[in-house]
K.L.:
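Just passing along the structure, written as structure tokens.
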Amino acid sequence: MKRLLKKYLLKNIAFKTYHFGMLSQGKFSRQIKIVFNHYTIIILLGLILFSCSDFLEQEPGNQTSITELLSTKEGVLAALNGTYTTLEASVREERFAVYADMQGGNIKFTPIPTGSNRGNIIIPFRIENVYSFQDQAISGDFSSFYQQSYSVINQANLILEFVDDLIDATNSEKNQIKAEALSIRAYAHFLLALVYAQNYSFTPNASHLGIVYNRTTLTESGVTFPSRETLDNTYTLIIDDIQRALSLYTNLSALDGPIQTYFNENNTKAILARVYLNKNDWQNAFETAIEVINTSGVNLTSQENYLSEWENSVVPMTEILLQLSVPRDSGGSAGGSLSQHFGFQTITAYGNYVATNDLLSLYESFDIRSQMFLEQSLATNINGELENVNYYFTRKFQDTPPYPAVRLSEMYLIASEAAYNLNRTDDALNYLNFIRVRANASLISSTTNLQNEILNERRRELAFEGHYFFDLGRNQRSITRNDGCLAIVCDLNYPSPKYVLPIPQENINLNSNLQQNESY
């Protein structure tokens, strides 16, 4: 056991999980628990060659190691599929899925639908401390997101370590696998940086703490205790991974399925545009967003189809560049989706999260996006009496929707914001108004308060898609939450150490070089 652990222990011993996820076609994960000194590693291997009985019950001769699993193209593709599954679960899980909109003020909570507490409104326990800007390192609300994100990264690293040695794959197939794994690795690190590091301009030259950037497995690097990079170095490494991926992409996905459900050249460029925007690299953000707009072959969803395409959870939106699809069993049943948080089924079965009046008030009455909310009257405790109150569920995430990682509308908004910061106000207005024309909203003609107009347009267009709190941080804006705020602390003045979350204490205990964020 000790030898096996030494072989596969992660580069950062604080990151304890491999998880190749649930495979397609009803195949199930396997679990191995290994104890070495004080460290417990859970390795979930997605296998396609065995039944779903416990791995530890197999005779030694039947056990399959990571080396064996990843020695064939079939095994590597199974692992890649599992990595996508783990990534989807990480971003779809309640904490991350609601975080940016909740903290920024787009979200409030629904009343309890049944039981003795019917009509009471409480903060969901999974995000209670985070919501009040009082998360704790010792038992953080976001510990699972931190661990699962590095699980995704470590899975990608294993694939990258083994893929070049495949003897049953062509060079083109190997390049495509590497490109997708690199894109996954970059994307997971980028999301971690948004949550655990202050915005790029927080210090001169972004010299403040970023995150640990994990690019190797133990078989390549040995046991090390890495430190967090500066945020500038973090972004350099993210961009390096993406640019390397872009140099490797082929015209075919490694896995079967709709092209939008996997990383490809177009959506990886779109993620790069978002990275450049958050790095305040305005020129590259503008050029990359425009390149995606002009060359991706994807068009904005039309005004007449906007609502219906959002409501169709089976067919991808016209403008989707990357969506992470929900896992389904062999019978087609979904294992979970964003509707768990945002959906409405009946007056006794619905999600916890609805739109605030702070958000709803931003839409003009003739803006088609004002129709993107499902109004429902729910029994609510008002001064000890149950009264029917209207709540507004987003129509984006009813039924069993996928996670919309990036779509073309965002590229227009990135181009607009980048152009504004390049003093190209005509371009900024032009790309802003592309989105407003499609929404049937009145055009913006004045450059007065243009920066605010762009920020508010992002809030309107990208609501419930996980952007607004990060947008406020990037623009160094304070947080104001009015309607429905139940937090101990509703507002937050910029700058504040509470714009980022604590590194889980268990990880710091295992790695003395892992520095905690300020105030935690």
Side-chain angles (χ1 to χ4, degrees), residues 21-25 73-74 76-89 91-92 152 155-156 159 163 169-188 190 241-275 288-302 305 308-310 312-328 332 334 337-338 396 400-412 414 465:
M22 198 73 90
L23 300 186
S24 60
Q25 299 177 347
K73 182 177 72 172
E74 184 179 27
V76 168
L77 291 178
L80 181 62
N81 187 64
T83 304
Y84 275 107
T85 301
T86 312
L87 176 61
E88 186 275 337
V91 295
R92 184 238 309 160
V152 170
Q155 290 170 51
I159 292 167
V163 67
T170 66
N171 286 335
S172 179
E173 289 172 327
K174 293 177 186 179
N175 285 342
Q176 181 67 28
I177 292 168
K178 287 189 288 186
E180 293 185 40
L182 285 165
S183 297
I184 291 170
R185 184 170 81 180
Y187 182 62
F190 175 61
D241 269 353
I242 292 176
Q243 289 179 335
R244 183 180 167 202
L246 290 172
S247 73
L248 292 169
Y249 273 113
T250 66
N251 293 325
L252 296 175
S253 296
L255 299 165
D256 294 331
I259 190 172
Q260 303 96 329
T261 59
Y262 304 113
F263 279 95
N264 57 50
E265 184 175 6
N266 286 327
N267 58 41
T268 299
K269 286 179 183 177
I271 295 297
L272 180 58
R274 187 189 296 176
V275 171
T288 307
I290 296 303
E291 182 179 0
V292 175
I293 291 169
N294 290 336
T295 67
S296 66
V298 176
N299 298 312
L300 283 178
T301 297
S302 67
N305 293 333
S308 62
E309 287 195 14
W310 268 116
N312 189 335
S313 64
V314 177
V315 179
M317 285 186 74
T318 305
E319 66 174 61
I320 280 289
L321 292 163
L322 174 65
Q323 67 178 28
L324 300 174
S325 298
V326 297
R328 297 181 184 273
S337 76
L338 292 169
K396 290 181 176 180
T400 54
Y403 181 87
V406 62
R407 56 191 179 92
L408 196 65
S409 290
E410 185 188 349
M411 296 300 102
Y412 283 85
I414 287 174
E465 296 178 57

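Throughout, numbering of the chain's residues begins at 1 and tracks the sequence.
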K.L.:
Nearest 0.5 angstrom please: Lys178 NZ to Asn171 CG, how far?
P.N.:
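Those atoms lie 8.0 Å apart.
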K.L.:
At their closest point, which heavy atom of Ala181 faces which heavy atom of Ala156, and how far apart are they?
P.N.:
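Closest pair (atom of Ala181, atom of Ala156, distance): O-CB, 3.6 Å.
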K.L.:
If you count heavy atoms of other groups shown closer than 6.0 angstrom to CG of Leu246, is the number above 12?
P.N.:
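Above 12, so yes.
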K.L.:
Just wondering, do Glu410 and Glu465 contact through their side chains at under 4.5 Å, heavy atoms?
P.N.:
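No. Closest side-chain heavy atoms not under 4.5 Å.
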K.L.:
Would Gln260 and Asn267 count as a side chain to side chain contact (heavy atoms under 4.5 Å, CB included) if you check the C-alpha gap in whole Å, the side-chain angles of each, and the deciding distance to 0.1 Å?
P.N.:
CA-CA 8 Å; Gln260 303 96 329; Asn267 58 41; 6.0 Å; no
K.L.:
Looking at side-chain heavy atoms only, is the closest gap between Glu319 and Ser409 below 4.5 Å?
P.N.:
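They are in contact (side-chain heavy atoms under 4.5 Å apart), so the answer is yes.
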K.L.:
Test side chain to side chain contact (heavy atoms under 4.5 Å, CB included) on Glu309 and Thr318 and set out the steps.
P.N.:
CA-CA 8 Å; Glu309 287 195 14; Thr318 305; 2.7 Å; yes
K.L.:
With no hydrogens and no angle check, is any side-chain donor or acceptor of Tyr262 less than 3.5 Å from a backbone partner on Asp256?
P.N.:
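Checking the backbone N and O of Asp256 against the side chain of Tyr262, a donor-acceptor pair under 3.5 Å is found.
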K.L.:
If you apply the rule side chain to side chain contact (heavy atoms under 4.5 Å, CB included), what do you find for Glu173 with Thr250, and how did you get there?
P.N.:
CA-CA 8 Å; Glu173 289 172 327; Thr250 66; over 6 Å; no
K.L.:
Side chain to side chain contact (heavy atoms under 4.5 Å, CB included) with Ser296: which residues, sequence neighbours excluded?
P.N.:
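For Ser296 the side chain to side chain contact (heavy atoms under 4.5 Å, CB included) partners, ignoring immediate neighbours, are Asn266, Val292, Val298, Leu321, Leu408.
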K.L.:
So Phe190 and Ile242, do their side chains get closer than 4.5 Å, heavy atoms only?
P.N.:
no
K.L.:
I need the Asp241 CG to Ile271 CD1 distance, nearest 0.5 Å.
P.N.:
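So the gap between those two atoms works out to 13.5 Å.
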K.L.:
Output the distance between atom CG (Leu255) and atom CD (Gln176), rounded to the nearest 0.5 Å.
P.N.:
9.0 Å
K.L.:
For residues Ser325 and Thr261, is any side-chain donor paired with an opposing acceptor at under 3.5 Å?
P.N.:
no
K.L.:
So, do Leu87 and Phe263 sit near enough that their side-chain heavy atoms are less than 4.5 Å apart?
P.N.:
yes
K.L.:
For residues Ser337 and Val326, report the shortest heavy-atom separation together with the two atoms involved.
P.N.:
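In this case the closest contact between Ser337 and Val326 is CB-CG1, 3.6 Å.
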K.L.:
I'd like to check the side chain to side chain contact (heavy atoms under 4.5 Å, CB included) partners of Ala179; sequence neighbours left out, ordered by chain and number.
P.N.:
Ala245, Leu248, Tyr249
K.L.:
If you compare all heavy atoms of Asn312 against all heavy atoms of Val315, which two are closest, and at what distance to 0.1 Å?
P.N.:
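In this case the closest contact between Asn312 and Val315 is OD1-N, 3.1 Å.
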K.L.:
Would the number of heavy atoms belonging to other residues, nucleotides or ligands and lying under 6.0 Å from CG of Asn251 be above 12?
P.N.:
no
K.L.:
Can you give me the closest heavy-atom contact between Ala169 and Lys174, atom names plus distance?
P.N.:
O-CE, 3.5 Å
K.L.:
What distance do Trp310 atom CH2 and Asn305 atom CG have between them, rounded to the nearest 0.5 Å?
P.N.:
14.0 Å
K.L.:
Return the CG to OG1 distance between Leu272 and Thr288, rounded to the nearest 0.5 Å.
P.N.:
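So the gap between those two atoms works out to 5.0 Å.
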K.L.:
For Glu180 and Ala254, indicate whether the former's side chain and the latter's backbone hold a donor-acceptor pair under 3.5 Å.
P.N.:
yes
K.L.:
Measuring from atom CD of Glu88 to atom CD of Gln323, what distance do you get when rounded to the nearest 0.5 angstrom?
P.N.:
10.5 Å
